[in-house]
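So the structure is just underneath, and the comments pick up after that.
In each ligand, atom 1 is the first atom listed, and ligand 1 is the first ligand listed.
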Amino acid sequence: MQFTRITHPSPTPDDARKAAIVDPGFGLVFTDHMVTIDYDEDKGGWYQATLGPREPIALDPAASVLHYAQEIFEGMKAFPHADGGLVLFRPEENARRFNASARRMAMPEIPEELFLEAVKLAVQTAANWMPKVDGGSQYIRPFMIASEAFLCVRPAKQYKFVVILVSTSNYFKGGVNPVKIWVSQDYVRAAPGGTGAAKTGGNYAASLVPQAEAIEHGCDQVVFLDAVEKKWVEELGGMNLFFVRRDGSVITPPLTGTILPGITRESLISLLRKEGLEVREEPYSIDQWRAEAESGELLETLACGTAAVVTPVGTVTSPDGEFTIGTGGIGQMASKMRTRLVNIQHGREPEADGWVVRV
Ligand SMILES: *Cc1c(COP(=O)(O)O)cnc(C)c1O
């Protein structure tokens with residue numbers, strides 16, 4: 001598909017752009033451009049691919065995304081490579097997962113090559129927005145919304161696929177600090193048969209009240225238990241978990257449909273196995289978490305995701321009390337795995353799996 005290029009009438013002036021990317025933090029410093037591709041069932045599918053200025057999207061007030069939440073997204077990053085170029089980390093996995101989310105939300109799939117082309121075009125166009133700081137990256141947010149105007153309940157026939165970019169330094173303010181976790185007992189994120197494995201906005205909307213509860217209790221993030229027994233640890237609002245044990249085993253909750261299949265999770269499983277550790281995908285209960293933290297059997301708990309890479313969990317708080325993981329600080333495995341992953345992503349360490357893809 002040919003992309004139509006619309007020249008930006010008033011790009012951000014050089015000095016304003018440079019000032020904005022000195023320490024952009026996370027989620028606020030948007031680049032000047034976006035890519036859009038439209039979909040219409042009656043026009044035979046995807047059409048009108050455009051690279052143009054980042055601007056508001058006009059939607060009819062009856063657009064079904066506004067009423068019935070047909071929406072999916074991805075989160076990925078572009079990194080400056082050691083040789084001066086730009087790279088993506090396992091972008092085909094994001095394309096594949098985007099389509100898996102689309103199927104669950106009764107939305108059309110987008111050809112993987114078109115998804116990747118759109119992402120690469122957006123990243124190339126924003127090359128001068130890459131923060132020069134250590135840990136700087138472009139966070140890429142591809143998403144799709146149902147744009148057809150109607151109020152009956154059925155899958156829409158028209159959609160819009162969009163890619164925007166945000167210049168990023170650190171996801172958590174203050175760099176790599178152990179996070180404090182709040183155990184939600186009143187709320188669940190996902191139930192069996194629900195949409196927990198799809199990257200869809202509704203899962204996040206449902207997590208906001210428990211997340212606010214976490215903040216009220218002096219914690220940074222909320223951890224969700226399974227919806228049926230309220231016993232098994234599933235994941236954080238947007239990160240997967242690993243439990244590193246003294247006997248050399250590592251446990252991560254299995255993908256049963258209620259957990260988002262993280263690409264960082266999958267990468268960590270592979271890297272930990274290469275370290276000679278035994279990684280098991282099996283259920284881990286909140287009681288086991290507390291007992292093993294208290295007995296010292298549990299050395300570390302790692303939270304992982306694209307935005308924050310690998311972050312140690314320091315303490316876990318619930319209405320039943322609080323427990324500390326290890327020393328409550330940054331454990332060996334957390335810093336080792338974080339460094340390995342970051343080095344691979346920046347081309348400072350070789351990898352043989354084709355994870356790093358040039359833009
Ligand atoms: C995106 C996401 C993750 C992490 O996935 P990555 O591919 O590693 O970034 C974990 N949990 C949830 C709920 C997510 O939405």
Taking distance alone, no hydrogens or angles, what donor-acceptor pairs closer than 3.5 Å link side-chain atoms of residues 252-259 to residues at least two apart or in another chain?
residue: Thr252; atom: OG1; partner: Leu241; partner atom: O; Å: 2.6
residue: Thr258; atom: OG1; partner: Glu234; partner atom: OE1; Å: 3.3
residue: Thr258; atom: OG1; partner: Glu234; partner atom: OE2; Å: 2.8

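- Not less than 6.0 angstrom separates the ring centroid of Tyr68 from the ring centroid of Phe150.
- Counting only residues at least two apart or in different chains, ring-ring contact (aromatic ring centres under 6.0 Å, His included) contacts with residues 290-317 are absent.
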Validation: residues 105-134 side-chain donor-acceptor distances under 3.5 Å, sequence neighbours left out:
residue: Glu109; atom: OE1; partner: Arg103; partner atom: NH1; Å: 3.3
residue: Glu109; atom: OE2; partner: Arg103; partner atom: NH1; Å: 3.3
residue: Thr125; atom: OG1; partner: Leu121; partner atom: O; Å: 2.6

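- Val183 is listed as a side-chain neighbour of Leu225, based on a closest heavy-atom distance under 4.5 Å.
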Distance dump, ligand 1 polar atoms to protein, N/O, under 3.5 Å:
residue: ligand 1; atom: 7 (O); partner: Arg97; partner atom: NH1; Å: 2.8
residue: ligand 1; atom: 7 (O); partner: Arg97; partner atom: NH2; Å: 3.1
residue: ligand 1; atom: 7 (O); partner: Ile263; partner atom: N; Å: 2.8
residue: ligand 1; atom: 8 (O); partner: Ile263; partner atom: N; Å: 3.3
residue: ligand 1; atom: 8 (O); partner: Thr264; partner atom: N; Å: 2.9
residue: ligand 1; atom: 8 (O); partner: Thr264; partner atom: OG1; Å: 2.6
residue: ligand 1; atom: 9 (O); partner: Thr306; partner atom: N; Å: 2.8
residue: ligand 1; atom: 9 (O); partner: Thr306; partner atom: OG1; Å: 2.6
residue: ligand 1; atom: 11 (N); partner: Glu235; partner atom: OE1; Å: 2.6
residue: ligand 1; atom: 15 (O); partner: Lys199; partner atom: NZ; Å: 2.6
residue: ligand 1; atom: 15 (O); partner: Tyr204; partner atom: OH; Å: 2.6

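- A salt bridge links Arg340 with Glu275: at least one charged nitrogen is closer than 4.0 Å to a carboxylate oxygen.
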